[in-house]
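For reference, the structure discussed in these notes is given below.
Atoms considered below: every heavy atom in the structure, side chains included; atoms not considered: hydrogens, waters and symmetry mates. All of these numbers come straight from a predicted model, not from anything done at the bench. By convention in this document, chain letters (A, B, ...) are assigned in the order of the sequence lines, proteins followed by strands, and residues within each chain are numbered from 1.
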Number of protein chains: 2
Amino acid sequence: MNNASKSEIKRKALIDATVELVNNNGFHATPMSRIAKMAGVSAGTIYLYFENKQDLVNQVYIEVKAAFTNYAFRGYKEGMSVEKGFKIIWKNIAEFKLKEFEEAYFLSQCDNTPIIDESGRQEGLKHLQPLLDLWEKGKQEGIIKNVSPFSLYAFSIYPVAFLMNMQQRGAFQLTPQHIEEAYEMAWDSIKK
Amino acid sequence: MNNASKSEIKRKALIDATVELVNNNGFHATPMSRIAKMAGVSAGTIYLYFENKQDLVNQVYIEVKAAFTNYAFRGYKEGMSVEKGFKIIWKNIAEFKLKEFEEAYFLSQCDNTPIIDESGRQEGLKHLQPLLDLWEKGKQEGIIKNVSPFSLYAFSIYPVAFLMNMQQRGAFQLTPQHIEEAYEMAWDSIKK
DNA sequence: TAATAATGAATGAACGTTCATTCTTGATAT
DNA sequence: ATATCAAGAATGAACGTTCATTCATTATTA
């Protein structure tokens, strides 16, 4: 095993530890020492991989966000019909939030608090462009409501985060049946 | 002016300061000393009104949540039709999130992070019952989709918080036109 | 053995909370 | 009216702890 991959393993361990600890305690209640311990390295080692705590959490955010958007567009092609394309992307997103719960919950926390600075946010938003393009096409075809992409996102994608949070708190169970119903609601809210 | 109202003024100042500072910096990055300074009292005085920092933020949460639900049901009567009742409640909620932005943003942050403990959450959820009852009635009348109240909330109410957050970040402007469109999307998502 | 990676004790700043002290209030006495 | 004073309210310096970060030392690597 070469150095690059050893480094990568430690980096990954630090990122995973950060996600888990920030999910359970919040950013400021997560000491660097605990991140180090959970990742199996010493406190000082973190500073070989990241500039400081803020840089660590920024990089975690960007990396997790990239994994999310990558997942979201699996099997999606630009040429698809608006309805079919949206269904694929929506289901991918729902699946991600179910299967990769820790990562999804971390993103939800970052997106609703002042943990991440503006530059990190911009960076994370970039990769959603294909969905915005699809919606634009849908508007031109008269299939999608002629409203701001923020509204489309708010009503069709954002609600999945709420369902995920409720499932996390044990309030209810997200079954495939629920997912199917939720997709119908998402589509009903944005279709013309 | 008697002592009781003087106390109330200071308490209010402390609660307002907490909301504003937690909104801008997050709970753990808000020192008690800054809350005290912003409220115009000394650090020690906080402990005459609240047990400790956690108790302070819990009480702020419960109080703000109560103000929110109180606002939400203005002008609503149990006997109303489902569609009319929902419209009134939805518009109230939207108006609250626009006009009382600081308070609404504070709630959004508490509801998406581990700041508030479970008991505080339960307390905050209590007061939404009339909306749940209205939805139940709507299901029986075949007007509302026969899905979990969590789904109904996720798709019709929760999205407003996203729009509010985006407006806060200057990403876009929530005009009355946007509100009207958003209401249509909310209704389309839950109606049968 | 030279270069690189990793360690963890040490540092200093910042924080929540306490408490000895000071200030304010308003009832009573003059 | 004015002075006195007891009691509660408020203060803010001080305390003990925790934390992010550093760096002299040690271990690993090639």
Side-chain angles (χ1 to χ4, degrees), chain A residues 1-61 106 109-110 113-117 120, chain B residues 1-61 106 109-110 113-117 120:
Chain A
M1 185 178 296
N2 62 27
N3 280 345
S5 60
K6 271 199 183 177
S7 282
E8 276 316 304
I9 286 170
K10 285 203 182 165
R11 214 187 107 90
K12 179 73 162 37
L14 283 166
I15 285 181
D16 290 350
T18 303
V19 167
E20 182 169 340
L21 289 171
V22 170
N23 277 351
N24 290 325
N25 313 103
F27 173 61
H28 289 286
T30 299
M32 295 295 261
S33 55
R34 277 193 73 193
I35 296 174
K37 184 178 274 185
M38 180 172 276
V41 303
S42 84
T45 303
I46 298 181
Y47 293 86
L48 300 176
Y49 294 83
F50 304 95
E51 260 184 51
N52 50 39
K53 197 179 179 185
Q54 185 65 53
D55 180 51
L56 165 61
V57 78
N58 274 336
Q59 289 201 39
V60 174
Y61 177 77
F106 178 82
Q109 219 181 124
C110 291
T113 63
I115 300 175
I116 301 295
D117 53 34
Chain B
M1 187 178 293
N2 61 28
N3 280 344
S5 62
K6 272 200 180 174
S7 281
E8 277 315 303
I9 286 169
K10 285 204 178 161
R11 214 187 107 91
K12 180 72 164 32
L14 283 167
I15 285 181
D16 290 350
T18 302
V19 168
E20 182 169 340
L21 290 170
V22 170
N23 278 350
N24 290 326
N25 311 322
F27 173 61
H28 290 288
T30 299
M32 295 295 261
S33 56
R34 279 194 74 195
I35 296 175
K37 185 179 274 183
M38 181 172 277
V41 303
S42 82
T45 303
I46 299 183
Y47 293 85
L48 301 175
Y49 294 82
F50 304 94
E51 260 185 52
N52 50 41
K53 197 180 180 185
Q54 185 64 54
D55 180 51
L56 166 62
V57 78
N58 274 335
Q59 288 201 37
V60 174
Y61 176 76
F106 179 82
Q109 217 180 124
C110 291
T113 64
I115 299 175
I116 301 294
D117 53 36

**OP:** Check each residue of residues 47-54 of chain B for a non-hydrogen atom within less than 4.0 Å of any atom in DNA chain C, then write out the ones that pass by number, or none.
**Re:**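 Heavy-atom cutoff 4.0 Å gives Tyr47(B), Asn52(B), Lys53(B).
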Original post:
Tell me, which of residues 14-43 of chain A have any heavy atom that sits under 4.0 Å from an atom in DNA chain C?
Top reply: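 Heavy-atom cutoff 4.0 Å gives Val41(A), Ser42(A).
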Subject >> Rounded distance (nearest 0.5 Å) linking atom OH of Tyr49(B) with atom NZ of Lys12(B) >> reply: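 These two atoms lie 14.0 Å from each other.
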Original post:
Roughly how far apart are Ile46(A) CD1 and Leu56(A) CG, rounded to 0.5 Å?
Top reply: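 The distance works out to 6.5 Å.
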Original post:
Are any side-chain N or O atoms of Lys53(B) and backbone N or O atoms of Thr30(B), one a donor and one an acceptor, separated by less than 3.5 Å?
Top reply: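 Yes; at least one donor-acceptor contact below 3.5 Å.
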Subject >> Main-chain N/O of Val41(A) paired to Thr45(A) side chain as donor or acceptor, under 3.5 Å >> reply: no
Original post:
Could you go step by step and tell me if Met32(A) and Tyr47(A) meet the side-chain contact (heavy atoms from CB on, under 4.5 Å) rule?
Top reply: CA-CA 10 Å; Met32(A) 295 295 261; Tyr47(A) 293 86; 3.4 Å; yes
**OP:** Could you please spell out the steps behind the side-chain contact (heavy atoms from CB on, under 4.5 Å) verdict for Gln54(B) and Val57(B)?
**Re:** CA-CA 5 Å; Gln54(B) 185 64 54; Val57(B) 78; 3.6 Å; yes
Subject >> Sub-4.5 Å side-chain heavy-atom contact between Val60(A) and Phe50(A) >> reply: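 Answer no - side chains too far apart.
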Subject >> Residue pair Asn24(B) / Glu20(B), side-chain donor-acceptor N/O under 3.5 Å >> reply: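 There is no such pair between these side chains.
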**OP:** Could you check Val19(B), Leu21(B), Asn25(B) and say which one makes a side-chain contact (heavy atoms from CB on, under 4.5 Å) with Asn23(B)?
**Re:**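 When side-chain contact (heavy atoms from CB on, under 4.5 Å) is applied between Asn23(B) and each of Val19(B), Leu21(B), Asn25(B), only Val19(B) qualifies.
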Subject >> Side-chain N or O of Lys10(B) closer than 4.0 Å to phosphate OP1/OP2 of dA10(D) >> reply: yes
Would you list the protein and nucleotides 15-17 of chain D atom pairs, both N or O, that sit under 3.5 Å from each other?
none

Subject >> Value in whole Å for how far the P atom of dT21(D) lies from CG of Leu56(A) >> reply: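 Nearest whole value for this atom pair: 10 Å.
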**OP:** Count the heavy atoms belonging to other residues, nucleotides or ligands that lie under 6.0 Å from CZ of Arg11(B), then report whether that count exceeds 12.
**Re:**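 Enclosed.
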